[in-house]
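Have a look at the structure below before the remarks.
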Amino acid sequence: MRGLPDVRVDKDRLRRRAAAKRSKLRPLDLRDAAVALRAVLLSVAEVHRSAVVAVYVGVGTEPGTGPLLESLACRGVRVLLPVLRRDADVDWGVYEGPDSLASAPLGLLEPVGRRLGVDAVATADAVLVPGLAADRTGMRLGRGGGSYDRVLSRIARDAFSCIVLHDGELLDDVLPNEPHDRRVDAAATPSGLVRFPL
Ligand SMILES: Nc1nc2c(c(=O)[nH]1)N(C=O)[C@@H](CNc1ccc(C(=O)N[C@@H](CCC(=O)O)C(=O)O)cc1)CN2
Ligand SMILES: Nc1ncnc2c1ncn2[C@@H]1O[C@H](COP(=O)(O)OP(=O)(O)OP(=O)(O)O)[C@@H](O)[C@H]1O
């Protein structure tokens, strides 16, 4: 990748490594992980007491959010879901049940209802963030569009931000990072929650 700064090359290598590892996960493992992640996330005080939670719809081998979405909706929580814009920024819609999701480009599932605008995420008490890996300083590795760096720059100052990962994706090595990268407060894996130092 001639011309690209080292940090971009390093991130890209890590993205490919993470994706290759995810591709080995089996459907039953994915289902178990999604169920465990619901239990972990609902037991987090900041999530438990939230009236508005931004989640994502896990697709493919991503850490699954289906069980969590159902539980939050059943409890009357307002669940915001991302809608990818053509400029890789993120608009938001409300989760109204599994039938309110439709296939979108890149294999995504997105809410069909009204678009609330990119700033709607500022109303969330907790923001659950997709990603491929995180380090123990709270830096995250996303898909490379910078979408969630933009999202994280708009959330409320006291909102709780948490990346959702599979076991083994919270890395001991520090991730390469750039000035625009935004840290999260914690990482949830099927094994539990890890809070990062402030
Ligand atoms: N579930 C989910 N929703 C999300 C994100 C995410 O990471 N996960 N995003 C986070 O920013 C935004 C979407 N950004 C994305 C950017 C790239 C790819 C992507 O390249 N996906 C596949 C290719 C799939 C295909 O072409 O069929 C890949 O990883 O190879 C997906 C989503 C908003 N919504
Ligand atoms: N606030 C922003 N506004 C516009 N572009 C941005 C912003 N933040 C990051 N970007 C752009 O997004 C691109 C990818 O960034 P990066 O590699 O850090 O993505 P990522 O954090 O892995 O992905 P994501 O945030 O989508 O999960 C970079 O070219 C960067 O310039």
Side-chain angles (χ1 to χ4, degrees), residues 1 3-25 30 33-34 37-38 41 53-69 72 79-95 98 100-113 115-122 124 127-135 137-155 161-166 169-171 174-185 187-188:
M1 283 190 275
L4 275 183
D6 287 353
V7 52
R8 288 294 175 85
V9 177
D10 292 346
K11 279 186 175 182
D12 209 65
R13 187 181 303 129
L14 288 165
R15 276 189 196 103
R16 276 184 277 119
R17 192 183 300 167
K21 243 175 101 185
R22 281 191 176 178
S23 72
K24 298 198 176 75
L25 295 168
L30 290 166
L37 282 167
R38 164 171 61 185
L41 284 161
V53 183
V55 193
Y56 65 90
V57 186
V59 295
T61 57
E62 288 185 322
T65 55
L68 177 70
L69 288 173
L72 290 172
V79 176
L80 303 181
L81 293 176
V83 178
L84 182 63
R85 298 194 336 174
R86 289 164 74 103
D87 62 358
D89 207 336
V90 177
D91 203 335
W92 298 91
V94 174
Y95 180 62
S100 71
L101 301 177
S103 297
L106 295 170
L108 295 170
L109 280 171
E110 294 183 340
V112 291
R115 303 312 191 221
L116 305 174
V118 295
D119 290 321
V121 74
V127 180
L128 305 184
V129 179
L132 293 165
D135 67 23
T137 74
M139 273 295 171
R140 55 177 283 282
L141 184 69
R143 299 275 199 173
S147 304
Y148 268 81
D149 293 317
R150 286 178 254 189
V151 169
L152 289 167
S153 71
R154 297 183 183 120
I155 70 176
S161 61
C162 180
I163 188 168
V164 185
L165 296 172
H166 289 298
E169 295 179 339
L170 180 55
L171 308 175
V174 173
L175 281 169
N177 62 75
E178 299 170 89
H180 64 252
D181 285 320
R182 291 280 169 274
R183 288 191 164 82
V184 288
D185 297 324

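Just follow the structure's listing: the first ligand is 1, and inside any ligand the first atom is 1. Side-chain atoms are counted along with the backbone in the values below, which use heavy atoms only and exclude waters and symmetry mates.
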Do any heavy atoms of Gly144 fall under 4.0 Å from ligand 2? yes
So, taking the atom named CG in Leu81 and the one named CG in Leu69, what distance separates them when rounded to the nearest 0.5 Å? 6.0 Å
Gap separating the CG atom of Leu30 from the NE2 atom of His166, nearest 0.5 angstrom: 5.5 Å
Identify, for atom 29 (O) of ligand 2, the protein heavy atom at the shortest distance, and state residue, atom and that distance. Arg8 NH2, 3.2 Å
Give the residue, atom name and distance (to 0.1 Å) of the protein heavy atom nearest atom 10 (N) of ligand 2. Gly146 CA, 4.1 Å
Selection from Pro179, Ser147, Pro176 by shortest heavy-atom distance to atom 24 (P) of ligand 2: Ser147
For ligand 1, run through the N/O pairs with the protein that fall under 3.5 Å and put one pair on each line.
residue: ligand 1; atom: 1 (N); partner: Val57; partner atom: O; Å: 2.8
residue: ligand 1; atom: 1 (N); partner: Glu62; partner atom: OE1; Å: 2.7
residue: ligand 1; atom: 7 (O); partner: Glu62; partner atom: OE2; Å: 3.4
residue: ligand 1; atom: 8 (N); partner: Glu62; partner atom: OE1; Å: 3.4
residue: ligand 1; atom: 8 (N); partner: Glu62; partner atom: OE2; Å: 2.7
residue: ligand 1; atom: 29 (O); partner: Arg143; partner atom: NH1; Å: 2.4

Taking NZ, NE, NH1 and NH2 as the nitrogens, is one of them in Arg8 or Asp12 under 4.0 Å from a carboxylate oxygen of the other? no
Please compare Leu152, Asn177, Asp12, Asp149 and report which has the shortest non-hydrogen distance to atom 21 (O) of ligand 2. Asp149
Nearest-0.5 Å distance, CG of residue Asp119 to CG of residue Asp91: 9.5 Å
Do me a favour and list the nearest non-hydrogen protein atom to atom 27 (O) of ligand 2 with residue, atom name and distance? Arg140 NH2, 2.6 Å
Which bit of Asp181 gets closer than 4.0 Å to ligand 2, counting heavy atoms only: side chain, backbone, both or neither? side chain
Where ligand 2 meets Arg15 - atom numbers and elements under 4.0 angstrom, heavy-atom basis: 16 (P), 17 (O), 19 (O), 20 (P), 22 (O)
Could you tell me the separation between the CD1 atom of Ile155 and the CG atom of Asp185, rounded to the nearest 0.5 Å? 7.0 Å
May I ask you to decide if Val112's main-chain N or O and Ser100's side chain share a donor-acceptor pair within less than 3.5 Å? no
Give me the nearest non-hydrogen protein atom to atom 2 (C) of ligand 2 as residue plus atom name, then the distance to 0.1 Å. Arg150 CG, 3.2 Å
Taking Arg183 for its side chain and Thr137 for its backbone only, find out whether a donor-acceptor pair lies under 3.5 Å. yes
Can you name the atoms of ligand 2, numbered from 1 with element, that are less than 4.0 Å from a heavy atom of Lys11? 16 (P), 17 (O), 18 (O)
If we set the cut-off at 4.0 Å for heavy atoms, which region of His180 has an atom near ligand 2: side chain, backbone, both, or neither? side chain
Sequence neighbours excluded, which residues qualify as salt bridge (Lys or Arg N to Asp or Glu O under 4.0 Å) partners of Asp181? Lys11
Quick note on ligand 2: atoms under 4.0 Å from a heavy atom of Tyr148 include exactly 24 (P), 25 (O), 26 (O)
Is any side-chain N of the basic residue among Glu169 and Arg22 closer than 4.0 Å to the acidic one's carboxylate O? yes
Using a 3.5 Å cut-off on N or O atoms only, is Pro130 in polar contact with ligand 2? no
Just one of Ile163, Asn177, Leu14 clears the side chain to side chain contact (heavy atoms under 4.5 Å, CB included) bar with Leu141, so which one? Leu14
From Arg154 CZ over to Asp89 CG, what is the distance, rounded to the nearest 0.5 angstrom? 4.0 Å
Do any N or O atoms from the side chain of Arg140 and from the backbone of Leu175 form a donor-acceptor pair under 3.5 angstrom? no
Rounding to 0.5 Å, atoms CD (Glu110) and OH (Tyr56) come to a distance of 15.0 Å
So is Arg182 touching ligand 2 or not, going by heavy atoms under 4.0 Å? no
